[in-house]
Amino acid sequence: LPYVRQMAAYRIADLLMVTRLIGEQKAAESYLFNQEVLYDHPDYLAFFKDLYKGKLLEWASQSSGGKLYDAIMTKPNYDSLFHYVMRQELITGREVGELFVVYGLFDWHYEKGIPKTKLLHLLRSAQEKQVHPRLKQITRHFIQDLDKLSPGKPAPTLEALDPMGKSFSLNDFKDKWAVYLVFFSAQNPGTLSELLGTRAFFGPFEKELKVVGICLDCNFTSLHQLV
């Protein structure tokens with residue numbers, strides 16, 4: 001019942017805001033001030049995102065927003081950014097400010113393009129300061145989304161041991177074959193089936209492509225038992 005009440009409250013708040021029956025400041029004061037940040041409640045987060053959408057960029061674009069713009073685009077500095085944000089009347093508390101910064105930076109990045117290196121620096125700095133584990137998780141997901149390998153990006157250096165205990169590196173395959181990595185686990189034999197299936201699928205192309213299985217938790221005994 002409390003969850004349903006919260007759901008209805010934030011959906012109504014969103015509707016009131018969209019139809020301009022309630023102002024942004026009143027919405028923040030009524031639905032966020034002195035209340036817990038509900039990181040796992042989708043209706044709360046939808047209301048939160050709608051309330052603050054575009055605000056970070058808007059504030060930085062104002063004549064008084066030069067320091068905010070500099071803290072994001074010129075010389076990225078999370079402490080300066082957060083200090084500026086916390087001075088805004090629309091921000092009702094520290095946790096609200098922290099969540100606002102994370103969503104605001106991501107909105108700005110996709111709307112106008114904060115350079116990825118600067119955005120990653122700010123998000124990592126934010127994560128170091130955050131206390132709530134769920135907020136840290138949200139920030140980590142954003143970082144992982146930005147930092148994941150994209151097609152055409154060089155793979156990181158990877159060194160491992162083969163089943164005979166001999167060291168090898170991805171660099172050993174450089175300029176010889178394309179490499180398809182499959183990660184598997186001794187705790188989940190089903191992932192070994194995926195590796196074997198992948199090797200069979202790419203078998204006809206073995207002269208051009210090598211399938212390499214990387215076990216995440218094997219010792220030599222468990223590896224040979226699997227194989």
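Keep in mind the model is a prediction, meaning the values are calculated, not measured.
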(request) Answer yes or no: does atom CD of Glu111 have more than 12 heavy-atom neighbours from other residues, nucleotides or ligands under 6.0 Å? (result) no
Show the atom names and distances, to 0.1 Å, of all donor-acceptor pairs under 3.5 Å that link a side chain in residues 126-135 to residues at least two apart or in another chain.
unit_1 : atom_1 : unit_2 : atom_2 : d
Gln127 : NE2    : Lys136 : O      : 3.3
Lys129 : NZ     : Asp79  : OD1    : 3.4
Gln130 : OE1    : Thr139 : OG1    : 3.0
Gln130 : NE2    : Thr139 : OG1    : 3.0
His132 : ND1    : Arg134 : N      : 3.0
Arg134 : NE     : Asp40  : OD1    : 2.3
Arg134 : NH1    : Gln137 : OE1    : 3.0
Arg134 : NH2    : Asp40  : OD1    : 3.2

Between Tyr78 and Ser125, the two heavy atoms sitting closest are CB-CB, 3.6 Å
Answer yes or no: is there an ion pair linking Asp70 with Lys75, defined by an N-O contact shorter than 4.0 Å? no
key: Contact check, side chains of Ile214 and Val182, non-hydrogen atoms, under 4.5 Å   = no
Run Leu99 and Leu45 through side chain to side chain contact (heavy atoms under 4.5 Å, CB included) and show every step you take. CA-CA 10 Å; Leu99 185 59; Leu45 292 179; 4.2 Å; yes
Exercise. Is the closest side-chain heavy-atom distance between Trp177 and Leu209 below 4.5 Å?
Worked result: no
Shortest non-hydrogen pair, Asp107 vs Gly54, comes out as OD2-N, 4.3 Å
Task: Validation row: Leu38, Phe47 side chains within 4.5 angstrom (heavy atoms) - done: no
inquiry  = If we ignore hydrogens and angles and just use 3.5 Å, is the side chain of Asp172 paired with the main-chain N or O of Ser169 as donor and acceptor?
reply    = yes
Original post:
What about Tyr10 and Val4, same hydrophobic cluster or not, with Ile/Leu/Val/Met/Phe/Trp/Tyr joined at side-chain heavy-atom distances under 4.5 Å?
Top reply: no
Less than 4.5 Å apart, side chain to side chain, heavy atoms only: is that true for Gln6 and Tyr44?
no
Of all heavy-atom pairs linking Gly213 and Phe184, the shortest is C-CE2, 3.7 Å
Go through the steps to decide whether Thr191 and Phe183 satisfy the test side chain to side chain contact (heavy atoms under 4.5 Å, CB included), and finish with yes or no.
CA-CA 8 Å; Thr191 59; Phe183 294 89; over 6 Å; no
Note: Leu81 and Ala71 closest approach over all heavy atoms is N-CB, 3.8 Å
* To do: Tell me, yes or no, whether the heavy-atom count around Glu36 atom CD, taken from other residues, nucleotides or ligands under 6.0 Å, exceeds 12.
  => no
With a 3.5 Å cut-off and sequence neighbours excluded, list the donor-acceptor pairs that the side chains of residues 16-24 form with protein atoms.
unit_1 : atom_1 : unit_2 : atom_2 : d
Thr19  : OG1    : Leu15  : O      : 2.7
Thr19  : OG1    : Leu16  : O      : 3.3
Glu24  : OE1    : Lys55  : NZ     : 2.9
Glu24  : OE2    : Lys55  : NZ     : 3.3

ring-ring contact (aromatic ring centres under 6.0 Å, His included) test vs Phe100 passes for just one of Tyr52, Phe106, Tyr84, namely Tyr52
Across all chains, not counting sequence neighbours, the side chain to side chain donor-acceptor pair (under 3.5 Å) partners of Tyr39 are Glu95
Heavy-atom distance under 4.5 Å between the side chains of Leu56 and Tyr103, does that happen here?
no
Between the CG atom in Leu57 and the CG atom in Leu105, the distance rounded to the nearest 0.5 Å is 11.0 Å
One pair to check against side chain to side chain contact (heavy atoms under 4.5 Å, CB included): Leu181 and Val211. What are the steps and the verdict?
CA-CA 6 Å; Leu181 295 178; Val211 177; over 6 Å; no
Output for pair (Ile114 CD1, Leu122 CG), nearest 0.5 Å, gives 7.0 Å
Interatomic distance, CZ@Arg140 vs CG@Asp145, rounded to 0.5 Å, equals 13.5 Å
Might you confirm whether atom CD of Gln62 has over 12 heavy atoms from other residues, nucleotides or ligands at distances under 6.0 Å? yes
(message) With a 4.0 Å cut-off on N to O distance, would you call Glu206 and Lys210 a salt bridge?
(response) no
Are side-chain heavy atoms of Glu98 and Val101 found at a separation under 4.5 Å? no
Above 12 or not: heavy atoms from other molecules or residues under 6.0 Å from CZ of Phe201?
no
Out of curiosity, does Leu146 fall in the hydrophobic cluster containing Trp108 (side-chain heavy atoms, cut-off under 4.5 Å, transitive links)? yes
Minimal heavy-atom distance between Tyr3 and Pro42, with the atoms involved, is OH-CD, 3.4 Å
dist Lys118:NZ -> His109:NE2 (nearest 0.5 Å) comes out at 13.0 Å
One should read off an interatomic distance between Ile12 CD1 and Met7 CE, to the nearest 0.5 angstrom, of 9.5 Å
Closest non-hydrogen contact found for Phe33 with Thr92 is CD1-O, 3.7 Å
Output for pair (His141 NE2, Leu123 CG), nearest 0.5 Å, gives 13.5 Å
